[in-house]
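Okay, so here's the structure we're looking at.
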Amino acid sequence: MSTAIAEMKTQAQPAGTYKPKGMLIGGKWVESASGARIIIENPGKRTAVAEVPRAGEADVNAAVEAAEKAFPAWKNVVPRERGKILLKIAEVLEARSEEMARTIALETGNALRTQARGEAKLAADIFRYFGGLGSELKGETVPLGEHVLSYTRREPIGIVGAIIPWNAPVMLGALKIAPALCAGNVLVMKAAEDAPMAVLLMADICQEFLPPGVLNVLTGYGQECGGPLANHPKIRKLSFTGSTEVGKVIMRAAAERIVPVSLELGGKSPSIVYPDADEDWAVDGIINAMRFTRQSQSCTAGSRMFLHEDIFDSFLRKLEKKTTALKIGDPLDEASDIGTIINNKQYTKVCKYVQDGLDRSDAKLVFGGLPPKTGPLSEGYFTMPTVFADRSNDWRLAREEIFGPVLVAIRWSDEAEAIRMANDSHYGLAAYVWTHDIGKGLRAAHAIESGWVQVNQGGGQTPGMSYGGYKQSGLGREFSLEGMLDSFTQRKSVTVNLAV
Ligand code: ADP
């Protein structure tokens, strides 16, 4: 890289954000073997702000080798001592959370005040949660008789290959690193090509406390770097968060070598609003569940809203008033509630869905629409929260994951029909039910085919809850103690004949 480019990049990167030093392999910051780099864009201004290495197969091999060297010593560190290291990391993550939040906002386009700060704090919380769980890697004794001692051990699996997306990169990265390392595994993690900077900051903080090679973080593209990682013969476990489409590719790679795989994939999550919930708290909850303030770039976004016919128009009026009052603007501006879509590809995709809705004669645009073509919002990938009202659950906008702020409102009158429509999807990640009648709410929660149903709230995940998908939304759970045990340990039985 020439000095001129380096200076230009330095000037372009706003104060208080993290400057990448390379990728982390074996405790060292390195460039890719090929020397190639990826330019990182600020989606709020469509400008280049930094460069990171563009890893390929040779870099994957080097990272796996470093992890392999680190594994024997790391798996023998007393689990509570491993936990203590995670707790120290949590302290520094907390102390540097503003730098982390600004970096997240810069590269993802997620608004600093409403999104990025919360994500940075959550990452520290995730390390803290798993840091306390070292002693919980317990086995059992099995009563096979007076002269037999049979017990189980929770052993680490080995080298874990993790691949994460860009939408909440630090939270999702923390959710791989903390449980995998607490359980005694070593990790090679690939950051998303669009948002690697904050993940590199997290790696930088981790490597101050971890032995070299225990955590390796690569920056690279999906097929070029994620492909060789998923297919590497020495990777003993694959943990992937991203689209269902790529999840299938990862599962095929896992099948070739019979390695366990955890998949956190897409969603098209339903929200069922009962007639007694035509109130402000439910409207606020719907806005939250739809993640409008994260441009709805969330797998748990409640993007299909089943509204009872008696409150259909009145609820939509309230939703319009509250949603259109949210301020869309520069993600790094404290005043912004809503930031930008991550990149041009996703922006174009979201706009196409909006155009499809506008072109459909029987779908009514309630509010929103295509983004402005002029003015400050045209300088970044800003989109408008958009709601279409339609009778059908069958059209493209109600079936496909848009990963943008497009919500469809569908009328219902019969509860069984609402639940049937809610379940009529190949996804099953999250769901939301809104009613004062808790009996009704819980009956619906039990009938919905989703890994996580929230009643009367639309919040995000909290460490400790087992979170993951039904159907094509995923496999395995990683957010909890049980998730750590299931996803990052393997159980060994030892049976001893005491009669000799
Ligand atoms: P998103 O819609 O969030 O971009 P993707 O599933 O495309 O979801 O990407 C999630 C992660 O998977 C990213 O880190 C991306 O680079 C990686 N990825 C994409 N394609 C592949 C692939 N063929 N093999 C391995 N990793 C991939």
Side-chain angles (χ1 to χ4, degrees), residues 23 32 36 38-41 43 52-57 59-60 63-64 104 107-110 119 160-173 175-177 187-200 202-203 216-232 235 237-257 259 261-268 291 294-301 303 341-350 352-353 381 400-404 427 429 469 472-475:
M23 313 183 281
S32 62
I38 298 173
I39 291 174
I40 308 304
E41 193 182 13
V52 295
R54 177 172 166 177
E57 189 165 1
D59 306 292
V60 170
V64 172
I104 294 171
E107 64 181 342
T108 64
N110 292 340
E119 185 184 342
V160 175
I163 298 175
I164 55 172
W166 45 260
N167 63 325
V170 173
M171 174 184 92
L172 297 169
L175 277 172
K176 310 283 185 215
I177 299 171
L187 199 65
V188 177
M189 185 165 86
K190 186 191 93 63
E193 54 270 38
D194 291 292
M197 292 163 67
V199 171
L200 289 170
M202 177 160 60
N216 305 277
V217 175
L218 301 174
T219 51
Y221 290 111
Q223 285 190 358
E224 247 174 51
C225 175
L229 182 59
N231 288 294
H232 198 291
I235 298 278
K237 153 88 196 185
L238 288 168
S239 175
F240 172 79
T241 304
S243 61
T244 296
E245 195 191 359
V246 178
K248 291 178 187 176
V249 174
I250 302 296
M251 200 163 170
R252 274 185 219 116
E256 278 303 312
R257 310 197 303 285
V259 300
V261 57
S262 314
L263 303 170
E264 303 255 4
L265 308 175
K268 190 74 188 176
R291 313 276 186 264
R294 209 193 315 153
Q295 304 75 254
S296 307
Q297 297 177 125
S298 161
C299 3
T300 49
S303 52
I341 293 288
I342 184 82
N343 58 27
N344 194 35
K345 186 173 147 228
Q346 289 297 119
Y347 172 82
T348 308
K349 184 178 148 195
V350 172
K352 273 197 186 136
Y353 278 106
Y381 303 119
E400 296 172 13
E401 185 177 42
I402 298 173
F403 231 62
Y427 291 118
L429 191 56
Q472 290 190 29
S473 286
L475 204 63

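Whatever order the structure lists them in is the order used to number ligands and atoms, beginning at 1.
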Q: Given side chain to side chain contact (heavy atoms under 4.5 Å, CB included), test Leu265 with Cys299 step by step and report yes or no.
A: CA-CA 7 Å; Leu265 308 175; Cys299 3; over 6 Å; no
Q: Report the distance from atom CD of Glu256 to atom CZ of Arg252, rounding to the nearest 0.5 Å.
A: 10.5 Å
Q) Roughly how far apart are Asp59 CG and Leu229 CG, rounded to 0.5 Å? A) 11.5 Å
Q | Nearest heavy-atom neighbours spanning Gly266 and Ser473 | A | O-OG, 2.7 Å
Q: Taking all heavy atoms of Glu119 and all of Met171, pick out the closest pair and write down the distance.
A: OE2-N, 3.0 Å
May I have the N/O to N/O pairs between ligand 1 and the protein that fall below 3.5 Å, each with atom names and distance to one decimal?
residue, atom, partner, partner atom, Å
ligand 1, 4 (O), Trp166, NE1, 3.0
ligand 1, 6 (O), Ser243, N, 2.8
ligand 1, 6 (O), Ser243, OG, 2.6
ligand 1, 14 (O), Ile164, O, 2.7
ligand 1, 14 (O), Lys190, NZ, 3.1
ligand 1, 16 (O), Lys190, NZ, 2.8
ligand 1, 16 (O), Glu193, OE1, 2.6
ligand 1, 16 (O), Gly222, N, 3.3

Q: Could you tell me whether the side chain of Val188 reaches within less than 4.5 Å of the side chain of Val60, counting heavy atoms only?
A: no
